[in-house]
Amino acid sequence: MNAPLVRPLTVYRPGDNELSRRLQAAVQGDVLFDRASRGRYSTDASIYQVEPIGVLIPRSHDDVRAAVDICRELGAPMLPRGGGSSQCGQTVGAALVIDASKHLREIVAFDRDAMTVTVEPGITLDALNAWLKPHGVWFPVDVSTSAQATLGGMAGNNSCGSRSIAYGNMVHNVLAADALLADGTEVRLGAEARIGDAPPRLRGLMDGLRAIADRERDEIVRQVPKVMRRVGGYNLDAFHPQSERPYTADGGVNYAHLLVGSEGTLAWTRTLTLKLAPLPKHKTLGVVSFPTLYKAMELTKHIVALRPAAVELVDRTMIELARSNPAFRPIIDGALVGEPDAILLVEFIGEDAETPRRTLDDLVALMGDLGLPGQVVRMTDANEQKALWEVRKAGLNIMMSMKGDGKPVSFIEDCAVPLEHLADYVDRLTQVFAKHGTRGTWYAHASVGTLHVRPILDMRRDGAAKMRAIAEEASAMVREYKGAYSGEHGDGLVRTEWVAWQFGARLTRAFEEVKALFDPDGLMNPGKIVRGTKMDDARLFRYPPGYAPVKLDTALDWSAWDVHADPVTDTVTAPGTGGDPAKGFAKAIEMCNNNGHCRKFDAGTMCPSFRVTRDEEHVTRGRANTLRLAVSGQLGPDFASEAVREALELCVSCKGCRRDCPTGVDMAKMKIEFAFHWQKRHGLSLKDKLVAYMPKWAPWAARFPFIVNLRDALPGAARLSERIAGLSAKRTLPQWRNDTFLSSRAALAANADRPEVVLLVDTFNNYHEPENAHAALRVLQAAGYRVAVARAGANDAERSRPLCCGRTYLGAGLVDEAKREARRMVEALSPHVAAGATVVGLEPSCLLALRDEFLVMGLGDAAQRLSTRALMIEEFLAREQRAGRLKLPLKALPQKRALVHGHCHQKAFDVLNPAVAVLKLIPGLQVEVIESSCCGMAGSFGYEAAHYDVSMKMAELTLLPAVRAAGDDTVIVADGTSCRHQIADGTRAGRPREALHVVRVLASALDPAAQEIRVSAAS
Ligand SMILES: Cc1cc2nc3c(=O)[nH]c(=O)nc-3n(C[C@H](O)[C@H](O)[C@H](O)COP(=O)(O)OP(=O)(O)OC[C@H]3O[C@@H](n4cnc5c(N)ncnc54)[C@H](O)[C@@H]3O)c2cc1C
Ligand code: SF4
Ligand code: SF4
């Protein structure tokens, strides 16, 4: 009687040749069966890692259909995937992973009157809502991962957003689905009333499902939790609804709802038809400060009675973590009253402005009645609200920024309990954590009783045992309170074993029957929802006991990551004491928790190469995973392998991730470390050597510029340079000049005694664009500062050679050479720093190296001190202006508008705002920032023939279109040498545009030189 309903599978070997061969012959999309690609798809945002057989990136639905047919014939399992941001392990498995997120993201149909949209599964929620916005509607299941979550994945997980109290979960918002069954049948699932004459396979499926549901009706009533946030098991209660919120408007059955929450175990979803909502016209936000977390939870039920659209919790730990992030600090501080233990974000929406304002007043009054007068911060400004929501959305990511082996682990993170028990649940579970020597941070959806909490566990040591013990106690509470064990994130690998616990033996058996009706051969995502493994099966862990990185002698200092952190007291041991055989490099890599936040396209820099390729290999997560696998020997014995080189190839070292990744994964620095190991093992190409050693040969090039510049003057020379050195013939190269800045009279004269400002002129501005350095000197002198130009120190063996930050060496992994340059710089500038001078620079990637890479090169305290006094020129000027010391006689320019493109490093170090601030000092100039990511040139990257196309695609995303659209009344501003070159190159074919360094614009506005924006050689 209890024989398995789903036939046992043929066991498939990872990387199976026959499957890969047949797929390659049949599909147009990418077939990825190499070890590194499989490795990159072996994880999601859970604690698990299971190697897939291979990966298919289908170009079209035909590809999916072909793959399903081939898999069926070969008995190979399949695993549909979107953004791979699932937390429970539902997106990992020994199967052919089919990733819809790259190509299958069309909007198939839109009916504004009917308020419906039909989409392919790979479109992200943000992309869909951006498209819908001009129509005044949105899809309101607003998950925190809206930038990377695909609609296919959201349906697969029955996802829920912050505003689910107003709009429901996915299941409440899916109207129909086209699906492909594992047997090759295409079916349209939707409202029963609309299906009419169904073909036999569909009719059989529907009848079978109804028969199971009717037979189990009493059991459904008995076992299915009555809360809205219940996403475990299959939605058999579509037939006999148990949710607080109706599934359908007319009370009828919708068969698509069986697919929702099925985690890819029943069918491939080809399209989804979704119910839309009008965009809320007006919103207000009340932020209530509470003296204790308990109080916040106790009073939530009263707040919910005001019918808000969202009530979201942020606890003390999260408040502190947010405060430690410079971007979030002012936002969170502005939302607090005093020093609360917890805050609730309470949102009200309305068609008219008055309604949400009134309910916000009601909230203020209610809190007064409940003994908390004056504890509400009222936010009516949309931007203010948005900024605070961003902090809340980043909640989990902020929490994951914890260093050391102990990490917050998701397994009871989304239990849902009725509101009247919320305070007791939180209190008791906190005690359970303490009993097991850990703690958790509480946040998220208070309105619906789904609080997120992750105890900190070390899965390499005793984490699995503690996970089991805590899960047992938490589940007992959930049962006592009649809640749902899986209230948001699904079952996957971590909770499939709990399905029987939650729904009982009969419904578990019924779920197996549901699976068998859809997928009798058990080909779709096996081991999830039915017939799963144990949550603590260590063979499936990403960091199983015994996991160890290989020994590595690192070039950079990673010791800050090599620490142990105490989960209870939060104390962190000294740098270098964490026991990492890779000296902290492995632990820095492991900071990536796989949440996929880098798969984004919104404002911010991260991650330019993903934006243009949409490849998992070329996103920060994919790179971190590749490095993690390599540094732990899972890609073979050689760390400096081709697989890692390929994954890092398109990383433009923009440092976008350093800032935008919530856990601070700094791929640019990791690339330097890898490049060091690579060049040691494999040597360098001619092109790499040419670029790297540029500071050495630059003085010679400046002596004979007419020879070096022949490359762009002589017919055929550019093509030759492409063949010999790999420099793209489609590019012009920066022109060498013999009127260098450092050899000019103005620079030689700028030698003030006890200077207040030391002007650091980099290789590029000195040799290629000396007018920028002249402009800087003029601006500083016009403002009345005593200026000296930075030159090599008296004891420098190469005294006549200009100082250099060593960036070109770092790019090639020549860390020792870079250290030599850095040491020269530190020695030369230290006396100035000791005398209190500020070092100002022009080129972001050079100057900011003093504040970043110099600190991990073992250069000691002198480098530390220098880093605190090294500023971009605009930072210096803006600081002086704020202090009321800046006296710069600026006049209006003929141009009325400045359009600013920020260099990636400027953005990564928050130096773009000062550039905007100083430009705004020019009377009448309207300053706007282009919402651009990397320009695509990125040092030498875009000059290389192999990268030309990607480089141009990056530029064409937003930068070049914005520049082209700018009128003649607009001056284009870009501080990066390569950014300026990209702008010139990219507009050469049409209306050529020149971008200027911010100091050139300032210098042009100086009295009496105003009116002349095109400053040529300035002295
Ligand atoms: C930091 C963080 C915050 C999160 N916040 C939320 C939140 O606020 N609310 C929430 O509900 N979840 C949240 N999640 C979980 C997760 O992001 C969501 O469930 C999201 O909707 C998953 O989308 P995805 O595209 O990444 O799906 P994936 O993880 O790729 O897939 C999810 C499931 O859907 C299946 N699937 C994907 N495509 C198809 C298809 N075409 N056909 C059939 N099945 C398919 C997969 O097999 C898998 O089982 C969060 C996760 C993280 C890491
Ligand atoms: S690199 Fe950062 S943003 Fe990307 S998945 Fe890893 S932790 Fe998340
Ligand atoms: S440095 Fe830039 S390109 Fe490289 S991974 Fe980070 S965001 Fe992506």
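All values below come from the heavy atoms of this structure, side chains included, with hydrogens, waters and symmetry mates left out. Whatever order the structure lists ligands and atoms in, that order sets their numbers, starting from 1.
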With heavy-atom distances below 4.0 Å as the criterion, list the atoms of ligand 1 near [X].
X: N595; value: 53 (C)
X: A45; value: 53 (C)
X: S159; value: 11 (O), 18 (C), 19 (O), 20 (C), 21 (O)
X: W268; value: 41 (N), 42 (N)
X: E488; value: 6 (C), 7 (C), 8 (O), 9 (N), 10 (C), 11 (O), 12 (N), 13 (C)
X: P121; value: 41 (N)
X: S86; value: 28 (P), 29 (O), 31 (O), 32 (C)

Nearest to [atom], what protein heavy atom do you find, and at what distance?
atom: atom 4 (Fe) of ligand 3; value: C651 SG, 2.3 Å
atom: atom 5 (S) of ligand 3; value: R623 NH1, 3.1 Å
atom: atom 3 (S) of ligand 3; value: V652 N, 3.4 Å
atom: atom 2 (Fe) of ligand 3; value: C654 SG, 2.2 Å
atom: atom 8 (Fe) of ligand 3; value: C607 SG, 2.4 Å

Check for me whether the distance between the ring centres of H257 and H172 falls short of 6.0 Å.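 No, they do not, as the ring centres are separated by 6.0 Å or more.
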Going by the closest heavy atom to [atom], which one wins out of [options]?
atom: atom 23 (O) of ligand 1; options: G156, A149, G152, G89; value: A149
atom: atom 49 (O) of ligand 1; options: R599, H445, E263, Q148; value: E263
atom: atom 51 (C) of ligand 1; options: R81, R229, Q87; value: Q87

Qualifying residue for side-chain contact (heavy atoms from CB on, under 4.5 Å) with M154, from C160, P121, S159: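 For M154, the side-chain contact (heavy atoms from CB on, under 4.5 Å) check succeeds only for S159.
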N-O pairing of [X] and [Y] below 4.0 Å:
X: R38; Y: E51; value: yes
X: R81; Y: D44; value: no
X: E590; Y: K407; value: no

Working to the nearest 0.5 angstrom, can you tell me the gap between C607 SG and M667 CE?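 Here the interatomic distance stands at 8.5 Å.
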Distance-only N or O hit between ligand 1 and [X], under 3.5 Å:
X: T145; answer: yes
X: G83; answer: yes
X: L79; answer: no
X: A100; answer: no

Under the criterion salt bridge (Lys or Arg N to Asp or Glu O under 4.0 Å), which of K655, R623, R658 is the partner of D666?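 Only one option passes, and that is R658.
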Which part of R658 is near ligand 3, with near meaning a heavy atom under 4.0 Å away: side chain, backbone, both or neither?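 The answer is neither; R658 stays 4.0 Å or more away.
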Under 4.0 Å between heavy atoms, the region of S653 that gets near ligand 3 turns out to be backbone
Any idea which atoms of ligand 2 are less than 4.0 Å away from a heavy-atom of C598? 1 (S), 3 (S), 4 (Fe), 5 (S)
Would one find an N, O or S atom of C657, in either backbone or side chain, under 2.8 Å from atom 8 (Fe) of ligand 3? no
Between F601 and F610, how do the two ring planes meet: parallel, tilted or perpendicular, split at 30° and 60°? tilted
Parallel, tilted or perpendicular: which one describes the rings of W558 and F585, with boundaries at 30° and 60°? tilted
Where's the contact between [X] and ligand 1, heavy-atom distance under 4.0 Å: side chain, backbone, both or neither?
X: T91; answer: side chain
X: H489; answer: side chain
X: S101; answer: neither

Answer yes or no as to whether an N/O/S atom of C592 is found below 2.8 Å from atom 6 (Fe) of ligand 2. yes
Is P662 in contact with ligand 2, taking contact as a heavy-atom separation below 4.0 Å? yes
Touching ligand 1 at all, D44? Heavy atoms, strictly under 4.0 Å? no
Any N/O/S of H597 under 2.8 Å from atom 2 (Fe) of ligand 2? no
Classify the contact between N595 and ligand 2 as side chain, backbone, both or neither, using a heavy-atom distance cut-off of under 4.0 Å. both
Side chain to side chain, L151 and M170, heavy atoms closer than 4.5 Å: yes
